[in-house]
Amino acid sequence: NITVTVTTAKRTDLSYTIKYVEKGTTNTIRESTTVSSQEFGAEIVSSTITAPEITGFKYDSRTPDTLTIGTDVNQNVITLYYERNKHKVTYEYTGEVPTNPTPAPTEAEYAYEANVTIASAPAAVSGYTFEGWKRGTADATDFTMPDEDVRITGNWTKNADAGYKI
């Protein structure tokens, strides 16, 4: 009689990849991370992974993903979904604002990295000069939405009296 004894152990040399994707798209927003020394058959749930902060995005924990570790590394992928942050662009007048100027553009919300077009100058008002839109101290030009609210100001000045009288 021959007795054969077989001893098995679960593999612990496996890995999985974490992908960081913008929700509703296939856009990768950060380089993938590989997690090694994983055990065959282990279940990984996205809610147990610490989602890193990514500028301009917020982790969406409402879209869970589950992975069971297998031997095919190409299939050992779990995806964390992120949504773009949204911020406001507001316009307001400063300086010596005329009595009835065209109203400043209404507040609008833009997603991080969206293209924002600066509003046209308001209609001319007799006796006043509109000096243009500013973002901070610089002239406002079209821009890519940053990860923060943006305030655009338009300064009015009263024209000097020309001294003519009729």
Side-chain angles (χ1 to χ4, degrees), residues 6-95 97 101-123 130 132-156:
V6 177
T7 304
T8 61
K10 282 189 176 181
R11 286 182 61 182
T12 58
D13 63 336
L14 301 170
S15 62
Y16 69 92
T17 301
I18 304 171
K19 291 174 95 176
Y20 307 95
V21 174
E22 181 179 358
K23 185 175 181 182
T25 73
T26 57
N27 298 338
T28 300
I29 56 174
R30 177 185 170 148
E31 189 175 323
S32 297
T33 303
T34 300
V35 180
S36 55
S37 301
Q38 298 299 303
E39 183 177 278
F40 178 80
E43 185 174 89
I44 308 298
V45 180
S46 61
S47 62
T48 64
I49 297 171
T50 301
E53 289 193 20
I54 299 175
T55 300
F57 293 87
K58 181 179 180 183
Y59 173 60
D60 181 9
S61 61
R62 298 169 299 170
T63 312
D65 197 6
T66 302
L67 165 71
T68 300
I69 301 294
T71 57
D72 185 350
V73 175
N74 294 320
Q75 291 184 3
N76 289 344
V77 177
I78 194 161
T79 304
L80 299 185
Y81 294 96
Y82 287 76
E83 292 180 309
R84 284 183 187 267
N85 292 337
K86 293 182 180 178
H87 295 282
K88 297 174 185 174
V89 173
T90 56
Y91 288 82
E92 67 180 59
Y93 292 136
T94 60
V97 181
T102 303
T106 57
E107 179 178 279
E109 189 174 74
Y110 293 88
Y112 172 67
E113 295 184 326
N115 293 322
V116 179
T117 302
I118 296 297
S120 300
F130 182 72
W133 296 114
K134 300 274 189 199
R135 186 171 165 203
T137 57
D139 289 343
T141 57
D142 296 350
F143 63 96
T144 301
M145 190 68 188
D147 194 21
E148 63 189 8
D149 291 342
V150 174
R151 180 174 167 250
I152 307 291
T153 58
N155 193 57
W156 290 92

**OP:** Provide the closest heavy-atom pair for Ala111 versus Lys86 in the form atom of the first, atom of the second, distance.
**Re:** CA-CG, 4.0 Å
Subject >> Validation row: Tyr59, Ser46 side chains within 4.5 angstrom (heavy atoms) >> reply: yes
Subject >> NZ/Lys58: more than 12 non-hydrogen atoms of other groups inside 6.0 Å >> reply: no
Original post:
Hey, does Val21 have a side-chain heavy atom less than 4.5 Å from the side chain of Ile29?
Top reply: no
Original post:
What pair of heavy atoms forms the shortest contact from Pro52 to Tyr82, and how long is it?
Top reply: O-OH, 2.7 Å
**OP:** Anything under 30° is parallel, anything over 60° is perpendicular, the rest tilted; go ahead and classify Tyr112 against Phe57.
**Re:** perpendicular
Subject >> Heavy-atom closest pair, residues Thr48 and Val45 >> reply: OG1-O, 2.6 Å
Subject >> Within 6.0 angstrom of Lys23 NZ, more than 12 heavy atoms from elsewhere >> reply: yes
Original post:
Atom CG in Asn155, atom OH in Tyr93: separation rounded to 0.5 Å?
Top reply: 11.5 Å
Original post:
Where the side chain of Asn76 meets the backbone of Ser15, is there a donor-acceptor pair that is under 3.5 Å apart?
Top reply: yes
**OP:** Write down the atom of Ala119, the atom of Tyr91, and the distance for their closest heavy-atom approach.
**Re:** N-OH, 3.0 Å
Original post:
Are any side-chain N or O atoms of Asp60 and backbone N or O atoms of Tyr81, one a donor and one an acceptor, separated by less than 3.5 Å?
Top reply: no
Original post:
How far does CD of Glu113 sit from CG of Asn85, to the nearest 0.5 angstrom?
Top reply: 10.5 Å
Original post:
Below 4.5 Å, heavy atoms only, C-beta onward: do Gln38 and Asp13 meet side chain to side chain?
Top reply: no
**OP:** Please round to the nearest 0.5 Å and tell me the distance separating atom NZ of Lys19 and atom OG1 of Thr26.
**Re:** 8.5 Å
**OP:** Over all heavy atoms of both residues, which pair between Thr102 and Pro122 is shortest? Give the atoms and the distance, please.
**Re:** CB-CB, 3.9 Å
Original post:
Under 3.5 Å, side chain of Asp142 to main-chain N/O of Ile118, donor-acceptor pair present?
Top reply: yes
Subject >> Nearest non-hydrogen partners of Asn27 and Thr25, listed with the distance >> reply: N-OG1, 3.0 Å
**OP:** Using the side-chain contact (heavy atoms from CB on, under 4.5 Å) rule, take Ile18 and Val35 through it: C-alpha gap first, then chi angles, then the decisive distance, then the call.
**Re:** CA-CA 8 Å; Ile18 304 171; Val35 180; 3.9 Å; yes
**OP:** For the residue pair Lys88 and Glu148, establish whether any side-chain heavy-atom pair is separated by less than 4.5 Å.
**Re:** no
Original post:
Taking side chain as C-beta onward, heavy atoms only, is Phe143 less than 4.5 Å from Thr117?
Top reply: no
Subject >> Close side-chain approach of Ile78 to Ile49, heavy-atom, < 4.5 Å >> reply: yes
**OP:** Can you measure from CE (Met145) to CG (Asn115) and round to the nearest 0.5 angstrom?
**Re:** 12.0 Å
Original post:
So is Arg30 actually on top of Tyr20's ring, under 6.0 Å and inside 45° of the axis?
Top reply: yes
Subject >> Pairwise distance CD(Glu109) to NE2(His87) - rounded to 0.5 angstrom >> reply: 9.0 Å
Original post:
Thr71 versus Phe40: any side-chain heavy-atom pair under 4.5 Å?
Top reply: yes
Original post:
Counting distance only, does the side-chain N/O of Asp147 pair as donor-acceptor with the main-chain N or O of Thr55 below 3.5 Å?
Top reply: no
**OP:** Begin from the C-alpha positions of Ser120 and Trp133 and carry the test side-chain contact (heavy atoms from CB on, under 4.5 Å) through to its verdict.
**Re:** CA-CA 9 Å; Ser120 300; Trp133 296 114; over 6 Å; no
Subject >> Note, Ile44 side chain near Tyr16 side chain (heavy atom, < 4.5 Å) >> reply: yes
Original post:
Could you state the interatomic distance from CD1 (Ile152) to CD (Glu107), rounded to the nearest 0.5 Å?
Top reply: 12.5 Å
